[in-house]
Amino acid sequence: MSIPRPVKLRCEYLERPQGVDTHLPCFSWQLNHSERGQAQEAYQVLVSADWDEIQDEAGSVWDSGRIESEATVNVAYNGTQLQGSTRYYWRVRWWDNNGSESAYSEVSFFVTGFLISDDWKAQWITMKKPASFTSTINRLLNGIDRNSRQYHAIYLRKTFKIKKNVRNSFVHVSGLGYYELSLNGRKVGDHLLDPGQTDYDHIALYSTFDVTQLLKPGENTLGLILGNGRHIEAYGFSEPKGICQLLVEYENGEKETVITDEQWEASPGPIMENGIYYGERYDARMEMPGWDNADFDNSAWEQVETVQGPPLVSQLMPPIRSSQILKPETLFRPKPGVFIYDFGQNFSGWARLKVKGPAGTEVRLKFSELLDENRMLNIDALGGIEATDVYILKGEGEEFFEPRFTYHGFRYVELTGFPGVPTLENMEGVFLHTDVEKIGDFHCSNQLLNTLHQNIYWGQLSNLTSVPTDCPQRGERMGWMGDIQLVAEEAFYNFQMAPFFFKYLNDIRVAQKEDGSLSDVIPPYWSIYPADPAWGSAYITIAWYCYLFTGSTRILEEHFETMKRYVDFLKESSDGLIIKTLGKYGDWCPPGSVLPKNTPVELTSTWYFYHDTLLLSRIAEAIGREDECRELNSRAREIKKAFNGEFLNNGRYATVTNGQLTRAFLSQTSQALPLYLDMVPEDQKDRALRLLKRAVVVQSDSHLDTGIVGTRYIFDVLTENNEAEAAFKVATQKTFPSWGYMIEEGATTLWERWEKLEGGGMNSHNHIMLGSIDAWFYRTIAGIVPLEPGWKKVGIRPHLLGDLTDASAALKTVRGEIAVSWEKLGDRVRIVISIPVNISAEVCVPAFGEKTRIKESGTTIWPAEEGADSVPGIIPVEAEQDFVRFKVSSGFYEFEAFEY
Ligand code: BGC
């Protein structure tokens, strides 16, 4: 019998990646089967550089043969040495545990980048004396530099000859800060704001594109435009520079290379001022029609110069793309000549303008999240940056403008200088972000929670622009590590984050100092060493989630030494294993404050010291580093002892001085953190929990009093300790401080602060750091939890909380889609689940005390002792207080539970 063939083939967790620069890329695929309880018994992978060969089911580059293994993820390439700049086709088939064999999958492919860095022959080039301008740059918080120098965009070109018929052609390209490449007048690829941001002193990313179709016989022209991005003097860099290497393989096997060198030509062009914070100034009168085509008068162009540049690695993650075009909801005129477009949604990106008018007309677009009381744009909270795009018309009929080398965080656009009266048709919004694959879906019967989930979706994507940013609008947009580490789990539930985070972990490693310390912001354009431990924890926390969600031990191995150096740094910085000096922000932004109020910073710092040490011991275990595992474990025990000695007094956590608690108020965060990691001595645990519950339910009337740190953990702590109902009440509040309050006040993303603030200062309306709650929706309301790394085993335990009548979630994991949906039907509960091949599950079906009956697809399966029928794929395990636990294998199941 034939079984369905593998689908969703991925290489390095990416669909058909280009620029694979690892010698041993890893593969994955997913399986379907009509029978329950199926797993892969064996697989066979074929890799070939030849299309006809792979069609004929042969792989001369790698034929794995039949491999007895259940692995469908992280299958490492094991064939002959891969060559650079080559397209490899691959396919796979599998055998199920009845011994049935599938047909081969459809053919997928990957394209290699440079596998040996020597293969780079191209040189970095730039224009000799590009024009400059000054703008506002936030050097550091409050360190505003209004006269920071940046450069006009640089246009580069090179004409070359194609002599024969082309079989294949790939181009590898980078440009700092940003580039756009064209070939014969057509943009190459769909990347925007490329390459991803890195620390350009050490590393730059290049992209690889197949340009076979863009080449033509005879003269061809490469065009490269360079913008500033983060490659600016304020951060220690200089004028933009670019590098590009085009490889052509003719049909007769002959090869040719076109590289950036001193023979290229440079010119200024229509993109004048451009900067991430600044915006873009485009003078259409300066356009040079045909500049990136061969038949162009280049007499005004000058020779480029070659310059030094950083080493290059491939950008093996999704690029920034436009994922959605938004239509404005309303347009109004708060005063003559000023028009405001409202997109009804806060997001990251830019606006596209359609305009017609006389040459030289200067149209301005200014971006903000907020309006003031006169319905004018409120820019108080932008940190003094310009955030303005300017388009100067050429006066030739209908003109279209969208910028290239900037982006904004906004809901409103102020349009001035428009010739005539604009309509809704004159503007569109372009949603831009790193185009991570969306893998999660969540929905429930509570509208507020659905809206919150939506807001987190928009907020998370708005803050993925090749680095995880704090916010997309003001003069920051930096890789603040605290923000992302706290939402890493949420991000992994919603998106395939692995390639993005692999790159970011590399950014972290590159930024690490000799002494092991990290910067709060990475890449360290703002160099803030040593990081607050709650921020530095990003290194180990993100690596852990990469492992948990993909099962990749490779990433742990690659970073183990440097992660170890980081926890050793924490130890060196401690005083009797208490961290007193590194903390700066701690439980950042609790209600009514930016600084933590009742939670001692030493407590959060020391807790993270414990957290990271413990997690690294688990990482050591996962990669078989037994000695380090033991050492880290025993160190963690010591830290726990020191932590309790310093902060614990009879079930209550705070700062203790001379045996006395020095904080009058009980802090929800201080109470929740040690419970989360099970640090509370047994004899004080009940009281610690009682105090936490009282702090939440009584003292705060079922509201949070936590900053970003406590908010991340408190829901899990309450849930784990049978207080999920209390957590639900907090999650669904509509009064301050709560997410519901933000939504009632019109939020379409998440705010930085619990309070509604619209003046100057720290009050972004699109921060993601309070978005951790979304993971709790998946974990608790839908009840989907990874029990083994890479979703080899999943726990399914829906919580039927509050007045919820139904909920559902689907998760496209690396092993296939896990789906859960439940509904209350009168006094019955129906739960439908779907478990992919190769995943086993532990399903907890809600129980109704002694007299619970559970059916699956109509057959009674509980109580077991009442002669319940056995059903394929399910083994009843045990009844606990609120649920009955079953062992379930792959397949589709419909449970129904009721009281008889
Ligand atoms: C950023 C934060 C960041 C914090 C650290 C802020 O300015 O926007 O999100 O984590 O500084 O204190």
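The structure presented is a predicted model; accordingly, all values stated were derived computationally and were not measured. Atoms within each ligand, like the ligands themselves, are counted from 1 in listed order. Residues take their numbers from the sequence shown, with the count starting at 1.
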> Does Arg474 come within less than 4.0 angstrom of ligand 1, counting non-hydrogen atoms of the residue?
Replying inline: yes
>> Run the ring pair (Phe, Tyr, Trp, His ring centres under 6.0 Å) test against Tyr610 and tell me which residues pass, sequence neighbours left out.
In response: none
> Is it true that the side chains of Tyr178 and Thr406 contain a donor and an acceptor less than 3.5 Å apart?
Replying inline: no
> Quick one: which of Asp532, Asp483, Ile768, Thr469 has a heavy atom closest to atom 10 (O) of ligand 1?
Replying inline: Asp483
> What are the atoms of ligand 1, with element, lying closer than 4.0 Å to any heavy atom of Met769?
Replying inline: 9 (O)
> Which atoms from ligand 1 have a heavy atom of Asp470 less than 4.0 Å away?
Replying inline: 1 (C), 8 (O), 9 (O)
> Which pair of heavy atoms, one from Gln197 and one from Pro523, lies closest together, and at what distance?
Replying inline: O-CG, 4.0 Å
>> For the 3.5 Å polar cut-off, considering only N or O atoms, please tell me whether Trp480 and ligand 1 meet it.
In response: no
>> Looking at ligand 1, would Met481 count as a contact under a 4.0 Å heavy-atom criterion?
In response: no
> Can you name the residues that form a ring pair (Phe, Tyr, Trp, His ring centres under 6.0 Å) with Phe501, not counting sequence neighbours?
Replying inline: Phe492
> Which atoms of ligand 1 are found less than 4.0 Å from any heavy atom of Trp535?
Replying inline: 5 (C), 10 (O)
> Which atoms of ligand 1 sit under 4.0 Å from any heavy atom of Glu752?
Replying inline: 8 (O)
> Does a donor on one side chain sit under 3.5 Å from an acceptor on the other, for Gln668 and Ser700?
Replying inline: yes
> Does the cation-pi check pass for Lys756 over Phe736, that is, NZ or CZ under 6.0 Å from the six-membered ring centre and within 45° of its axis?
Replying inline: no
>> Can you tell me which portion of Lys584 lies within the under-4.0 Å heavy-atom range of ligand 1? Options are side chain, backbone, both, or neither.
In response: neither
> Quick one: which ligand 1 atoms are inside 4.0 Å of a heavy atom on Met762?
Replying inline: 6 (C), 7 (O)
>> At under 4.0 Å between heavy atoms, is it the side chain or the backbone of His767 that contacts ligand 1, or both, or neither?
In response: side chain
>> Check the orientation of Phe643 and Tyr653. Use parallel for under 30°, tilted for 30 to 60°, and perpendicular for over 60°.
In response: tilted
> Taking atom types as modelled, is there a side-chain donor on Asn494 or Tyr778 under 3.5 Å from an acceptor on the other?
Replying inline: yes
